[in-house]
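Written out below as structure tokens is the structure these notes cover.
Index from 1, following the sequence.
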Amino acid sequence: MRNRLTVSYLSDMALVRSRLIRLATMAGGARSIAADLGRATGYVARTYGAPAGVRGLTLEGAWLAAHVASYPLGLIRETIQDEGVYRTDTLPPSRRSLVVADVQAAGTPILLVHGIMDNRSVFSVFQRALRRRGFGLVHAVNYSVLTGDLRTAAHELRTHVERLRELTGAEKVHIVGHSLGGMIARYYVQRMGGSAAVGTLVTLGSPHTGTAAAYLLPTPLARQLRPGSDVMGELAEPAPDCSTRFLVVWSRMDQMVLPQGNARLIHPDLLVEELEMRDVGHLSLPIDPRAVHWVASALARPHADDHASRSRYGHLTRVSDTLREESSPA
């Protein structure tokens, strides 16, 4: 009888202890969540409360309204039109300067890939700006809004790239991807041998290490965009043969990539140049004049300098907020 009482007492004490430990763990978790919320609230207040943040929010709202109005036009498939950039007699001075300076850069096709639930209309401003700078063939594509798998979309992108190369005779193309479009293009370049056909990949607000916002959607595609997903694991693997140059534009005010730093691309095998913005929303990245200018200038720059930097350092990151670039080898 005494042994039974002893066993019962010990069992009760173990149960009480486990419950106390559970309560302590829950209390610690609550304190951690409260601290995270406090930091997040402070970050939001500093970012959106500043004058630059207010301007960014105003621009984001205005562009959202304009984009909604132009969205139906973006559903129409765009035909490929080569404007003959190798002739300079009919070109305005701005375009003629690029053709004369680097005919290869001017003649390299640029493919624009939109983000989730969007279409090519998001690049209306970006496309015109590149053409004014002298790039002869800037083509935007649409993929299905019902896309449920990033890998499948990457295969479709490969078809677009090969078709563009075949029609233009170009050896390589440049790709500009906004949000999900950048991730689709990166998977194609890094995991499907696309670096042989893509000279430069530009990503605008793409969640390179996932985004917490993807937890809000229970779809297969959203699960692939969560931090730690299988797709993110694949992209983190070594890529020693990837020769494509990456131009990464991200913003500390991005409301879709959370945390915002996940839009940065840090990989030991990839050549990366980075533009950090502080007052631009997610949707406004393709229309921000600083981002457009930085991307256009980088695309017009000969690639030989980048390959020399890569052979010397292996990885190059340029961080800029006001287009005053600071370079440091990693």
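- Side-chain polar atoms of Ser179 and His282 form a donor-acceptor pair below 3.5 angstrom.
- Counting heavy atoms from C-beta on, the side chains of Thr203 and Arg264 never come closer than 4.5 Å.
- Ring centroids of Phe126 and His178 are separated by 6.0 Å or more, keeping the two rings apart.
- Side-chain contact between Asp288 and Met277: present, with at least one pair of heavy atoms (C-beta onward) separated by less than 4.5 Å.
- One N or O on the side chain of Thr244 and one on the backbone of Val198 form a donor-acceptor pair closer than 3.5 Å.
- Here Arg165 does not pair with Glu171 in a salt bridge; the nearest charged N to carboxylate O distance is not below 4.0 Å.
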Does the pair Tyr188 and Leu201 meet the rule for a side chain to side chain contact (heavy atoms under 4.5 Å, CB included), with working shown?
CA-CA 11 Å; Tyr188 160 63; Leu201 170 57; over 6 Å; no

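- Among residue pairs with one or both ends in residues 214-236, those qualifying as side chain to side chain donor-acceptor pair (under 3.5 Å) are Asp149-Gln224, Arg151-Glu234, Tyr187-Glu234; sequence neighbours excluded.
- A salt bridge between Arg278 and Glu276 is present, with a side-chain N of the basic residue lying under 4.0 Å from a carboxylate O of the acidic one.
- Within 6.0 Å of atom CE in Met256, 12 or fewer heavy atoms from other residues, nucleotides or ligands are found, so the atom counts as exposed in its surroundings.
- Annotation: side chain of Leu137 is in contact with side chain of Leu164 (closest heavy-atom distance under 4.5 Å).
- For the pair Cys242/Leu270, a side-chain contact is recorded, criterion being any heavy-atom separation below 4.5 Å from C-beta on.
- Considering Leu130, Val176, Leu111 as possible partners of Val138, the one that fulfils the side-chain contact (heavy atoms from CB on, under 4.5 Å) test is Leu130.
- Residues passing the ring-ring contact (aromatic ring centres under 6.0 Å, His included) test with His208: none are found, sequence neighbours excluded.
- Between Arg290 and Asp279 there is a salt bridge, since a side-chain N of the basic residue sits under 4.0 Å from a carboxylate O of the acidic one.
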List the steps, then state whether side chain to side chain contact (heavy atoms under 4.5 Å, CB included) holds for Leu112 with Arg120.
CA-CA 7 Å; Leu112 308 177; Arg120 64 182 181 85; over 6 Å; no

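- Within the 4.5 Å cutoff, the side chain of Val189 has heavy atoms near those of the Phe246 side chain.
- You'll find the side chain of Ile184 reaches within 4.5 Å of the side chain of Tyr143, heavy atoms only.
- Of the possible polar contacts, one joining the Asn262 side chain to the Gly210 backbone as a donor-acceptor pair under 3.5 Å is found.
- The residues Arg163 and Glu166 are annotated as not salt-bridged, no charged nitrogen and carboxylate oxygen being separated by less than 4.0 angstrom.
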